[in-house]
Colleague: 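One structure follows; several queries about it will come next.
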Amino acid sequence: MYEGKIIKYYREKSQMTQEQLGKGICSSTHISKIERSQTEYAHEIITLLSDRLGIKIEQEILKLQNIKKQIDNWQQAIAMQLFDEVEKINIELEQEELIQISNYINQYKLLRIRYFLIQNLLDKALELIDEIKKIKHKLTPYELNLFRHVLGIYHLTIHEPLHAIQVLKEINNGEYANEEYFYHLASAYHSNELSVMAYFYADKARQYFKSINSYLRVIDSEMLMLIQVKDNEDFTEIIKRFENLIQSCEICKSNERKARVFHNLAFEYYRRNDYKLAKKYYFESMKLKDHKSIPYILSLEGYIRSSYYGELLPKGELLQLINEGYQLASEKSDKLFICLFTLLDLLILEKEQDYHRYLSDYSLPYFKKLGFAYLINQSEKELFNYYFKCKQTRKALGIANTLINQ
């Protein structure tokens with residue numbers, strides 16, 4: 001079975017015809033049947049063909065058999081976010097030419113999508129997604145569910161949580177023994193402010209990560225669970241849980257996660273109108289992040305907003321920061337943050353009419369398209385207050401009706 005595939009691969013690589021390869025050994029017809037696993041053959045013939053091709057068949061068979069193990073290890077390293085190991089295995093697999101004739105080529109390509117998403121190479125990820133879509137009908141049940149998983153992650157990455165939920169909910173858990181996807185489903189529900197569902201799936205993800213001894217991902221899941229807690233909970237207790245997570249990040253020496261904890265803590269203070277502490281923790285988060293990354297831009301937006309509402313920075317400095325954020329978002333072609341920084345610019349320049357027109361005509365429809373419930377709700381409340389103040393009764397009633405139905 002393996003021998004035929006290997007012989008065919010190296011024959012074609014050497015640009016030899018079946019007749020040239022078989023000359024003095026066996027007929028081209030026999031080679032054709034060997035390559036298609038349609039005949040029995042003597043070991044001596046395979047040895048002679050291998051010698052002519054300049055390969056050692058036993059070594060090639062071992063390489064082909066080992067590909068599945070390498071791919072499984074790669075998937076596990078990706079799930080556990082062991083990025084050094086992810087990169088090491090990626091290099092090994094890139095150098096393994098027999099992967100193209102293995103039974104696991106589609107699984108490899110699907111994991112390549114995840115690898116590109118980790119590297120923030122969205123164009124390459126989308127190119128491979130489009131390639132997989134064309135052969136979707138040929139995927140095994142496991143590969144089809146893996147495709148749904150990586151597609152859900154892609155939608156999360158480009159700020160489309162509604163699409164992420166739709167795709168991730170199609171995963172058949174009985175066919176896909178990788179419960180990491182619960183975490184991504186929880187993240188999508190969180191983005192839509194469906195706290196009960198987010199908490200439920202984050203807890204399931206936490207249990208899965210405990211079962212594979214991935215303490216870093218346990219921290220991620222516990223963070224996701226914590227930020228679902230509502231305002232009627234004891235905030236002092238919430239702060240203690242944040243402090244425990246910060247300590248866990250320090251023990252694990254994970255500044256990336258520590259930055260996320262600081263960001264979420266900042267948002268909790270922002271929601272409670274404690275803008276001074278919100279500004280402080282957004283800044284702490286920004287210090288730990290790559291200053292050209294989307295996570296940095298996210299914290300920068302929160303830092304500016306907290307500083308504005310808390311009157312903690314002069315107008316000129318705020319506008320400078322907005323320009324920095326807008327430029328970074330433009331470099332990333334990130335429409336969501338371009339939109340958010342445009343709104344901040346209009347807000348701080350006190351262009352009230354332009355701000356609310358942009359919010360109504362562009363931002364709110366865009367937020368609805370993406371499915372970001374928090375941004376949708378905040379925008380509708382702002383528009384209601386503005387229309388009410390301006391005595392635009394019909395528009396105010398329209399927004400009010402939407403808010404009531406929600």
Side-chain angles (χ1 to χ4, degrees), residues 1-78 86-119 121 123-147 150-151:
M1 173 177 152
Y2 290 121
E3 288 89 341
K5 279 186 173 184
I6 294 167
I7 293 295
K8 181 180 180 183
Y9 175 79
Y10 282 108
R11 177 182 64 77
E12 291 179 343
K13 183 181 178 182
S14 300
Q15 297 183 328
M16 295 175 68
T17 65
Q18 291 171 339
E19 185 177 359
Q20 288 171 329
L21 177 59
K23 188 175 182 180
I25 301 173
C26 64
S27 68
S28 58
T29 303
H30 193 50
I31 287 181
S32 176
K33 289 181 178 179
I34 289 172
E35 290 181 348
R36 289 178 291 162
S37 300
Q38 291 181 347
T39 187
E40 294 182 0
Y41 42 81
H43 179 71
E44 290 79 6
I45 288 179
I46 295 298
T47 302
L48 290 169
L49 294 175
S50 300
D51 288 344
R52 183 161 288 175
L53 290 168
I55 62 172
K56 293 187 180 299
I57 196 68
E58 293 80 7
Q59 289 182 7
E60 300 302 321
I61 289 172
L62 285 174
K63 284 162 62 176
L64 197 55
Q65 290 173 334
N66 192 48
I67 286 171
K68 173 60 174 169
K69 183 179 178 182
Q70 284 180 294
I71 288 175
D72 287 344
N73 289 341
W74 200 32
Q75 186 162 3
Q76 186 83 331
I78 289 171
V86 168
E87 191 59 43
K88 175 177 172 290
I89 298 174
N90 174 62
I91 292 169
E92 291 173 357
L93 288 170
E94 282 184 333
Q95 294 172 347
E96 184 48 79
E97 53 186 334
L98 289 184
I99 201 164
Q100 300 301 324
I101 62 167
S102 77
N103 293 329
Y104 310 104
I105 180 61
N106 290 331
Q107 186 179 350
Y108 170 68
K109 288 181 178 180
L110 289 164
L111 292 177
R112 288 283 287 171
I113 296 170
R114 286 208 62 179
Y115 176 76
F116 289 143
L117 292 175
I118 290 170
Q119 301 296 323
L121 300 171
D123 289 342
K124 286 189 175 183
L126 182 58
E127 183 180 333
L128 205 42
I129 286 170
D130 290 338
E131 181 183 326
I132 294 293
K133 281 180 178 177
K134 294 174 184 176
I135 58 162
K136 189 177 173 182
H137 61 286
K138 295 181 180 179
L139 299 179
T140 66
Y142 179 86
E143 290 166 351
L144 181 58
N145 286 294
L146 176 55
F147 180 55
V150 297
L151 196 56

Colleague: So, using salt bridge (charged side-chain N to carboxylate O under 4.0 Å, His left out) as the criterion, who are the partners of Arg114 when residues are at least two apart?
Modeller: Glu180

Colleague: Enter the distance from Glu58:CD to Thr47:OG1 here, rounded to the nearest 0.5 Å.
Modeller: 6.5 Å

Colleague: Sequence neighbours excluded, which residues qualify as side-chain contact (heavy atoms from CB on, under 4.5 Å) partners of Lys63?
Modeller: Tyr10, Glu60, Glu96, Leu98

Colleague: Is it true that atom CG of Asp130 has more than 12 heavy atoms of other residues, nucleotides or ligands lying nearer than 6.0 Å?
Modeller: yes

Colleague: Can you see which heavy atom on Thr39 is nearest to which on Ile34, and at what distance?
Modeller: CG2-N, 3.7 Å

Colleague: How far does OH of Tyr104 sit from CD1 of Ile67, to the nearest 0.5 angstrom?
Modeller: 9.5 Å

Colleague: So do Phe116 and Arg112 actually touch side chain to side chain, heavy atoms under 4.5 Å?
Modeller: yes

Colleague: So which atom in Val150 and which in Leu110 form the shortest heavy-atom distance, rounded to 0.1 Å?
Modeller: CG1-O, 3.6 Å

Colleague: Only counting residues at least two apart or in another chain, list the ones meeting ring pair (Phe, Tyr, Trp, His ring centres under 6.0 Å) with Tyr108.
Modeller: Trp74

Colleague: Who are the side-chain hydrogen bond (donor to acceptor under 3.5 Å, both in side chains) partners of Asn106, not counting sequence neighbours?
Modeller: none

Colleague: Determine, stepwise, if the pair Ile101 / Leu64 fulfils side chain to side chain contact (heavy atoms under 4.5 Å, CB included).
Modeller: CA-CA 9 Å; Ile101 62 167; Leu64 197 55; 4.2 Å; yes

Colleague: Which heavy atom of Leu111 sits nearest to which heavy atom of Ile78, and what is that distance?
Modeller: O-CD1, 4.2 Å

Colleague: Among all residues two or more places apart in sequence or in another chain, which pass the side-chain hydrogen bond (donor to acceptor under 3.5 Å, both in side chains) test with Arg11?
Modeller: Glu35

Colleague: How about Gln15: does its CD atom have over 12 heavy atoms from other parts shown lying under 6.0 Å from it?
Modeller: no

Colleague: Please enumerate all residues that pass side-chain contact (heavy atoms from CB on, under 4.5 Å) together with Gln59, with sequence neighbours excluded.
Modeller: Lys56

Colleague: What distance separates Gln107 CD from Ile99 CD1, expressed to the nearest 0.5 Å?
Modeller: 9.5 Å

Colleague: Looking at residues at least two apart in the chain, or sitting in another chain, which of them share a salt bridge (charged side-chain N to carboxylate O under 4.0 Å, His left out) with Glu19?
Modeller: none

Colleague: Restricting to side-chain hydrogen bond (donor to acceptor under 3.5 Å, both in side chains), what partner residues turn up for Ser32, sequence neighbours left out?
Modeller: Arg36

Colleague: From Leu128 CG over to Leu121 CG, what is the distance, rounded to the nearest 0.5 angstrom?
Modeller: 12.0 Å

Colleague: Counting neighbours of CD on Glu40 that are heavy atoms of other residues, nucleotides or ligands and sit closer than 6.0 Å, is the number greater than 12?
Modeller: no

Colleague: So do the side chains of Ile132 and Leu139 get within less than 4.5 Å of each other, counting heavy atoms only?
Modeller: yes

Colleague: Restricting to side-chain contact (heavy atoms from CB on, under 4.5 Å), what partner residues turn up for Glu87, sequence neighbours left out?
Modeller: Asn90, Ile91, Tyr115, Gln119

Colleague: Would Lys88 and Asn73 count as having a side-chain donor-acceptor pair, cut-off 3.5 Å?
Modeller: no

Colleague: Who are the salt bridge (charged side-chain N to carboxylate O under 4.0 Å, His left out) partners of Asp72, not counting sequence neighbours?
Modeller: Lys68

Colleague: Which distance, rounded to the nearest 0.5 Å, do you find between the CD of Gln75 and the CD of Gln70?
Modeller: 14.0 Å

Colleague: A quick test of your reading: do over 12 heavy atoms of other residues, nucleotides or ligands sit less than 6.0 Å from CD of Gln65?
Modeller: yes

Colleague: Measuring only between side-chain heavy atoms, which start at C-beta, is Ser28 closer than 4.5 Å to Thr17?
Modeller: no

Colleague: According to side-chain contact (heavy atoms from CB on, under 4.5 Å), who are the partners of Lys23, at least two apart in sequence or on a separate chain?
Modeller: Arg52

Colleague: Does the side chain to side chain contact (heavy atoms under 4.5 Å, CB included) test come out yes or no for Tyr41 and Glu3, once each step is laid out?
Modeller: CA-CA 10 Å; Tyr41 42 81; Glu3 288 89 341; 3.4 Å; yes

Colleague: State, with a plain yes or no, whether a side-chain heavy atom of Tyr9 is found less than 4.5 Å away from one of Glu97.
Modeller: yes

Colleague: Mind checking the CG-CD1 spacing from Leu53 to Ile7? Nearest 0.5 Å is all I need.
Modeller: 5.5 Å

Colleague: Sequence neighbours excluded, which residues qualify as side-chain hydrogen bond (donor to acceptor under 3.5 Å, both in side chains) partners of Lys109?
Modeller: Glu131

